[in-house]
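Below is one structure, written out as C-alpha cells; comments come after it.
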Amino acid sequence: MDKLILIDGNNVIYRAFFAMPPLTNTAGQQTNAVYGFTTMLLRLIEEHKPTHMIVAFDAGKITFRHEGYQEYKGGRQKTPPELSEQFPLLKDLLRNLGVPQFEIESYEADDIIGSISRKADEAGREVMIVSGDKDMLQLASEHTTVALIRKGVTEIELYGPEQIREKYDLTPEQIIDLKGLMGDASDNIPGVPGVGEKTALKLLHQFGSVEGVIAGTGELKGKMKEKLEAHADDAIMSKKLATIYREVPLEHGWEDMVFTGLNRETAGPALAKLEFKSLLERLSLSGSAPAPEGEEAAEAQEAELEITIVGEDELDDLIAALPGISALHVESNGDNPHRAEVIGIGLSSLDRHYYVPFSLLQSPAAAKLRDWLGDEHTPKSGYDLHRADLALHWQGIPFAGAAKDVQLAAYLLDPTEANQDLSDLAAKYSLPRLATDESVFGKGAKYKVPELEVLGHHVARKSAAVLGIVQKQDKELDETDMNGLFDDLEMPLSRILADMEKQGIAVNKEDLKELGKEFEAQIAKLVAEIYEICGTEFNLNSPKQLGEILFVKLGLPVVKKTKTGYSTDAEVLEKLAPYHDVVRLILQYRTIAKLQSTYVEGLLKEISPDTGKVHTFYRQTIAATGRLSSQFPNLQNIPIRLEEGRKLRKVFVPSEPGWSILAADYSQIELRVLAHISDDELLKDAFLHDMDIHTKTAMDVFGVTAEQVDSNMRRSAKAVNFGIVYGISDYGLSQNLNIPRKEAARFIEQYFEVFQGVRRYMDEIVVEAKKNGYVTTLLERRRYLPEINASNFNLRSFAERTAMNTPIQGTAADIIKLAMVHMDKALFERGLKSRMLLQVHDELVFEVPAEELELMKVLLPEVMEGALKLSVPLKAEVSYGSNWYEAK
DNA sequence: CCTCTCACG
DNA sequence: ACGTACGTGAGAGGC
C-alpha cells in the first residue's frame, strides 16, 4: 500500500531549532536544527516506511495572504541568523538523502501540503502530514492523518478526524473556525479579542461555525455579545487567513514524490560533513567513500602499530617487556561482569602492543604475566578496570594496581555524556581511529567473537588507545580541578566497590521462597476477587486491559491519559478508589505482584550457586550527580517504606555464623549540605541544635511553636524541604501535597521569606550556571547544563532545577564516597574482619563479627560524620541486628 | 525495543 | 501559557 508523508519543512526546522541544544560542528557552524530535523525524519522513515515523501518549504517573502492583509505574520520575530544559516544545510542534506523537496514561489509550505493532500484525498491515497502547527488539523480526513510534533522533535501525536472529535469535539473543517475566533498571535491573526480556546470551543459547539456564531449573537448577552458583534469582520477575515489554500498550481506529480529509501552512497558523506556521527552509526553508514577491501586495507590501517598476537613462543618476549607496559584492556563479554567470560587481554607499552588470548593467560607458562596483573605495585591504566577486575576475579586471576581508568575520568569530565566507549574517546581526542565493538563483535543476538587475527588486533588497539587517552585526560582533569577527585576518591573507590561486590551479601534462599509462597497466596486471592467483581478474567498486569475494564466496562472517570491510552498508575487509582471497591484490591494486587516478580523471583535468580550470595555491580559512571547505581540485582531499591515489602530485608543475612548486619545512615545529609553551601543562618542553627528539621521548618514557615505543629503541618514542611532540594516549583509541590498550585506557591514564598539564605543560594547558583555553563559540588565534581540558557521554557526550567539540585545531591554523594574510602582504610589499618557490603546513597551496610560489634558501632558513625568538615555537623545513625531488617 | 509502572534515596 | 518535581533499575506487556 502506498503511503505519502508530507513534511512542513519550515515548521519542523523551526521547532527543531528551539528544541535542540546548540550544537556546532568543528567549523563553528551551528547544526542543531538540521540534526533535530534529521533524527525526526529518520524516525518517520523507520516507523512509517513511506513509499512517497516530500518536504515542503515556504518560498518568497510575500505570499498571497498578504494581498488582503499586509500585517499577516507581522510582529513575528525575525528568524535568528543561527537558524536561517541552517536552511541551505538542510536542503543540501535532503538532496543527498534522496528526499524530494518542493517549494513554490509565493506560497507557504502548508498551502503546498494542503494542495497535495487534497489531490491525494481525491485519489484515496494514504497520507500523513507532519508539522508542529495545529492548523494542519484542518487537513485531516479519512485517508489523511496529521502527525503533530509534541515536545522535542521526535515525539508525535497522530490525529485523524476521530481524534480531533475526541479532543475538541470538532470536525477538521471546524479547526479553521476555531482559529478564526481565537486568532493566532504568532501569525498576527487577530481573531476576536477576549476569546481563547475555551470560549471558542463553547461557541462552536453551540453554533457550529464562525458564520453561525455571528448570526447567533442574538442568543448571547453581555460582554461576549458586544465583542463578537464588534469584531465579526475580524473573525471572518481571521478565518480566511487561517484557511489553508488547497488550489496551489502544482507542476509535480505523484512520480516526483517517490521515495525509495535513503540514498546510501551520498547520505554517508553528507552526514559526515555535518559531523552527525551518531546518525552515521545508527544507519551503519561510513562517512567516506567505500574503503579498499581485503588485506591491503587492513595493512594500511594497522601499519602504524606494532602488534603481536602472543602464543606460547612469544610469551617470554612479552614477559620481558612487562616493565614498559602501562596500559591494558581486558576483553570480556556480557553486561554482568560477575558472569562475564574473559576473551583475552591487550597490553601496551609506548611502542609495542600485544594480545594474549585468555586460554594462554590461564596456562602455567603465563604465571609471570598473572603475577604482574595481580601486583598492586605495577600501575596499569585501562578502560573500566572495575569490570576487568571482577571478570578476572571469577576466573581465579587476581587484579591489582589500577592507576588511571579512562572510563572513570571521562565520566568526571562529563558525567552526562552517555557512557563513552573507547572508540568514542579515541575519536574525541583525535587518536587513530578505533573500530567500534559493534562493528567487530556485532550486537545482541548477533554477538560473535571474530577470528583470532581480527580480535587480537582490535583488542591490542584498545590498549593502545588507552595510552593516548590517559595523557589527554590528565591535562583536562588538571584544568577542571578534578585531579584530586579522580586520584584520591574515584580511583580508590573503584577498587573498594569491586571488593564489596566480590564479597556479596548472603541471602537466605529458603526464607525468600517462603515469602514468595505467602505472596503467591495473597495474589491468588486478590486476583480471584478482582475477576469476580469485574465479572471477567483479564491480564491484570496489562495497563491496556486494565484500563479497558476500569474506564469502559465499569465506566470510571478518566483522570489522566498516557500517550498510548488510559493511565492506571497508583496516583490515578487512589483517586478512583472512592468510586469502586475493586480499585483498592487492584492497588493491593499491584503492591504484592511487584514484590513477587521484582524482589522474590528477581532476587532468587540472582543468587550465585557458587557463593549463595547476591553480588551486585555498582556502576560508578552512570548518575549525572555523582551517585552510584546498582545492577544485577539493584540492591539500592529494596523495599522499606511499606511493611509488606520491608519484610524482604529479613532475607539479607550475615555470611558467617554469629556475625551481625550493621548499618548506618546519614540523617538529613542533603539538607545539611544545603545548610552548608547556602550558609543560611536559620538552617545552620537548626542543625547545630540537632532539631527535627521538618518540625523546625513548619514552626518557622507557619510561625508557630513546636507544640502547635500538627502532623499535617509537619508533612507539608517535609514536602517543602524535599522540594527545595529538588529545585522547587509550585506545580511539583502542589502535585506532591495534592493541593492547589496557588497554595503551594504560597508555601514556597513563606519558606523563602524565612530561609533567605536558601533563596539567595538558589538564585545565585542559577546565575552561576548560566555564566559558567556548569555547576560543581564541594569536591569540584562538575555537571554541564547546556540547556540553562535555552529559550525553550521547559528545557531551561529543567536545567535550572538541575542547577539547584546537583550541587546538593552531588556533594552528598561525594561525602559518602569519602566515608567509604576512609572506612576501608580504617578497617585495613586496624586489621578488622568486618566487611563493607552495600552502599545505598546515604547508608552503608556491613557484616561484623561479634567481637568487633561494639567497636564498629562507634567507629562507623565516627568515620561517616568525619568524612568532610562542614559548617554544620554531619550525623550518622547506626543500628544492627541478625539481618538487614533488624538493622533499622 | 519501547512504554508503563513502581521500588529506592 | 508553557507543564515539571531530583537521581536511578527492573519486570511485564505489546508492537
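Every chain is numbered from 1 and lettered A, B, ... according to where its sequence line falls, protein lines coming before strand lines. Bear in mind that the values here come from a model prediction, so they are computed numbers and not experimental data.
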Whole-Å distance separating the CD1 atom of A:I592 from the P atom of B:dA7: 10 Å

Any-strand Watson-Crick or G-U partner of C:dA12, both distances under 3.5 Å: B:dT3

Salt bridge A:R672-A:E670, side-chain N to carboxylate O under 4.0 Å: no

Nearest listed nucleotide, side chain of A:T802, among B:dC6, C:dG3, C:dC6: C:dC6

Of the listed nucleotides B:dC8, C:dT4, C:dC2, the one nearest the side chain of A:S729: C:dT4

Salt-bridge contact A:E490-A:R781 (side-chain N to carboxylate O under 4.0 Å): yes

Complementary nucleotide of C:dC2, counting Watson-Crick and G-U pairs under 3.5 Å: none

A:Y531 and A:F538 aromatic centres sub-6.0 Å: yes

A:H386 ring center within less than 6.0 Å of A:F617 ring center: yes

Residues forming a salt bridge (charged side-chain N to carboxylate O under 4.0 Å, His left out) with A:E518, sequence neighbours excluded: none

Distance-only donor-acceptor test, A:R801 side-chain atoms vs C:dT4 base atoms, 3.5 Å: yes

Nucleotide B:dC8, atom C1' - distance to CZ of A:F652 in whole Å: 12 Å

Phosphate OP1/OP2 of B:dC4: any A:T562 side-chain N/O under 4.0 Å: yes

Sugar-phosphate, base or nothing in reach of A:A719, heavy atoms under 4.0 Å: base

Residue-level proximity of residues 621-628 of chain A to DNA chain C when a heavy atom falls under 4.0 Å: A:I622, A:A623, A:A624, A:T625, A:R627

Touch class at under 4.0 angstrom, heavy-atom based, for A:R796 against every strand present: nothing

A:Y784 and A:Y774 aromatic ring geometry - parallel, tilted or perpendicular at 30°/60° bounds: perpendicular

Parallel, tilted or perpendicular, as decided by the 30° and 60° cut-offs, for the rings of A:Y566 and A:F551: tilted

Short N-O contact, A:K650 and A:E886, less than 4.0 angstrom: no

Atom of A:V582, atom of A:C534 and distance for their closest heavy-atom approach: CG2-SG, 4.0 Å

Nearest-Å distance for atom pair CZ/C1', residues A:F519 and B:dA7: 13 Å

Whole angstrom value for the distance that separates P of C:dT8 from OH of A:Y726: 13 Å

Donor-acceptor pair (no angle test) under 3.5 Å: A:R641 side chain, B:dG9 base: yes

Sugar-phosphate only, base, or nothing, as touched by A:T568 at under 4.0 Å among non-hydrogen atoms: sugar-phosphate

Charged tip of A:R741 within 45° of A:Y731 ring normal and under 6.0 Å: no

CA sep, side-chain torsions, deciding dist, call: A:V651, A:K513, side-chain contact (heavy atoms from CB on, under 4.5 Å): CA-CA 10 Å; A:V651 308; A:K513 283 184 178 165; over 6 Å; no

Parallel, tilted or perpendicular: rings of A:H615 and A:H338 (30°, 60°): tilted

Interatomic distance where CG belongs to A:N721 and P belongs to B:dG9 [whole Å]: 17 Å

Touch class at under 4.0 angstrom, heavy-atom based, for A:A812 against every strand present: nothing

Separation of C:dG7 P from A:I669 CD1 (nearest whole Å): 18 Å

Whether A:F798 stacks on the six-membered ring of C:dT4 base, 5.5 Å and 30° limits: no

Closest listed nucleotide, where the reference is the side chain of A:T591 and the choices are C:dC6, B:dC8, B:dA7: B:dA7

Spacing of the P atoms in C:dC2 and B:dA7 (rounded, Å): 32 Å

Any donor-acceptor N/O pair under 3.5 Å between B:dC8 base and A:Q636 side chain: no

Proximal nucleotide (of C:dG3, C:dA5, C:dG7) relative to the A:L733 side chain: C:dA5

Length of the CZ-P vector between A:R43 and B:dC1, whole Å: 14 Å

Touch class at under 4.0 angstrom, heavy-atom based, for A:N736 against every strand present: base

Separation of the C1' atoms in B:dC6 and C:dG3, to the nearest angstrom: 23 Å

Contact pattern, 5' to 3', of nucleotides 10-15 of chain C - B, S or - by protein heavy atom under 4.0 Å: SSSSSS

Sugar-phosphate only, base, or nothing, as touched by A:I638 at under 4.0 Å among non-hydrogen atoms: sugar-phosphate

Distance below 4.0 Å between A:R646 side-chain N/O and B:dA7 OP1 or OP2: no

Atom pair distance, as rounded to whole Å: CE in A:M804 and P in C:dC6: 11 Å

